[in-house]
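For the single chain, residues carry numbers from 1 onward in sequence order. From a predicted model like this one, the values you see are computed outputs, not experimental measurements.
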Amino acid sequence: MTLLTRRAMTTAALAGTMGASMIPTMVRAGVRKPVVIAHRGASGERPEHTLLAYGLAVDQGCDFIEPDLVVTKDGHLVVRHENEIGGTTDVASHPEFAARKATKTIDGESLTGWFTEDFTLAEIKTLRARERLPQLRPASAAFDGQAQVLTFDEVVAFARAESKRVGRTIGVYPEMKHPAYFASIGLPIEGRMVEALKRNDLNSKTAPVFVQCFEVGPLKTLRLKTPARLVLLVAGEGGPADLPNVRYADLVTPEGLKGVAAYADGLGPEKTMIVPQDKQTLLPATSLVKDAHAAGLVVHPWTVRAENYFLPATLRRGDAGAADYLAQRGDVTAVLKALYAAGVDGVFSDFPGLAVAARG
């Protein structure tokens with residue numbers, strides 16, 4: 001759930017029906033346990049957005065699996081972190097697609113690669129997934145080439161089947177990626193999202209689903225078309241791509257959160273907006289959870305990762321002289337417990353098993 005620029009920076013640095021009776025716990029932390037959302041599956045251990053990652057996440061005890069949604073040339077919702085798929089599939093090794101390589105501007109950033117909107121679903125299905133951060137996650141990269149790219153419908157079907165297998169509801173937590181961009185090229189995502197919710201019996205406020213987005217306009221559009229729960233994603237910097245004069249900081253003030261509550265049921269903030277950290281350590285929690293709860297919003301921060309690379313110095317573990325030091329796991333439990341103590345209603349994690357264990 002990173003913004004596009006954050007993704008680029010990180011990479012460069014390195015079947016039945018789910019009914020209302022089966023809804024995962026959503027109520028306030030302190031009354032019930034916060035939910036654990038598997039960020040693209042158990043993406044710290046398997047290539048993201050694959051059945052390998054989602055299946056491991058379920059086995060580790062997650063409550064939701066998260067599919068990021070982008071659009072194909074023929075209008076299908078497929079599950080990839082970005083519409084640029086050179087970093088997460090083997091498309092570059094397919095000579096038949098070499099001419100599809102292009103440079104595009106997405107949300108103000110120039111990217112070169114291969115893009116889902118230039119491929120049909122049938123063509124996408126010939127590709128295989130690979131680890132996005134192989135330098136940090138070489139064990140995950142060992143699974144490269146083993147999994148297909150999924151459609152949203154396939155993820156929902158998997159969640160249903162897994163719910164039956166493990167005897168608890170596995171919800172889905174889709175993110176609409178770059179709606180303004182897709183609308184600009186004639187492939188708007190909002191209507192496709194609503195139709196997918198209806199088609200999969202998820203079009204209700206009690207269904208085990210949250211739909212999330214970093215943009216405001218698409219959530220307002222969905223609010224008029226579906227009762228399904230919606231979540232505004234926010235980051236510590238920048239603002240919505242569809243509102244160039246608005247900063248996320250403006251939306252998370254007590255007054256701003258009241259406005260958010262008019263079209264969303266929840267807030268998905270960058271985790272450091274709740275528990276800040278500097279280079280050395282975690283800092284005291286902010287008032288954001290309290291303020292969001294006062295506005296009637298649940299709070300599901302993103303994204304907790306276990307590697308030393310993502311942790312402050314006091315939480316890093318292992319041999320600092322080792323070549324793989326930044327890829328080694330640190331004391332991420334301290335981060336998770338700090339977020340739970342701050343009163344969050346759920347957390348996104350690349351390591352859902354660790355989030356479940358820290359929840360206790």
Separation between [atom1] of [X] and [atom2] of [Y], rounded to the nearest 0.5 Å:
| X | Y | atom1 | atom2 | answer |
| --- | --- | --- | --- | --- |
| H300 | D345 | NE2 | CG | 5.0 Å |
| I106 | N83 | CD1 | CG | 4.5 Å |
| L232 | L297 | CG | CG | 9.0 Å |
| L187 | H76 | CG | NE2 | 11.0 Å |
| R305 | L311 | CZ | CG | 11.0 Å |

Six-ring centre of Y263, R223 cation under 6.0 angstrom, axis tolerance 45°: no

query: Which word best sums up how the rings of Y173 and F210 line up, parallel for under 30°, tilted for 30 to 60°, or perpendicular for over 60°?
result: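 Because their plane-to-plane angle is under 30°, the rings of Y173 and F210 count as parallel.
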
message: Tell me whether the rings of H39 and F348 are parallel (<30°), tilted (30 to 60°) or perpendicular (>60°).
response: perpendicular

query: Of the non-hydrogen atoms in F152 and P174, which two are nearest, and what is the gap between them?
result: CE1-CB, 3.9 Å

message: Whether the D350 and S43 side chains hold a donor-acceptor pair (N or O, under 3.5 Å, no angle test) is what I'd like checked.
response: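 The answer is yes; a qualifying pair exists.
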
task: Give a yes-or-no answer on whether the side chains of T72 and D74 include a donor-acceptor pair shorter than 3.5 Å.
output: yes

Does [X] come within less than 4.0 Å of [Y], counting only side-chain N to carboxylate O?
| X | Y | answer |
| --- | --- | --- |
| K125 | E154 | yes |
| D63 | K33 | no |
| K73 | E123 | no |
| D118 | K101 | no |
| K225 | E190 | no |

query: Among R130, R132, R137, which one satisfies salt bridge (Lys or Arg N to Asp or Glu O under 4.0 Å) with E48?
result: R132

query: Is the CD atom of E255 crowded by more than 12 outside heavy atoms at less than 6.0 Å?
result: no

message: Are more than 12 heavy atoms, taken from residues, nucleotides or ligands other than K220, located less than 6.0 Å from that residue's NZ atom?
response: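 Count not over threshold, so no.
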
task: Run the ring-centre check on H178 versus Y181 and record whether the distance is less than 6.0 Å.
output: no

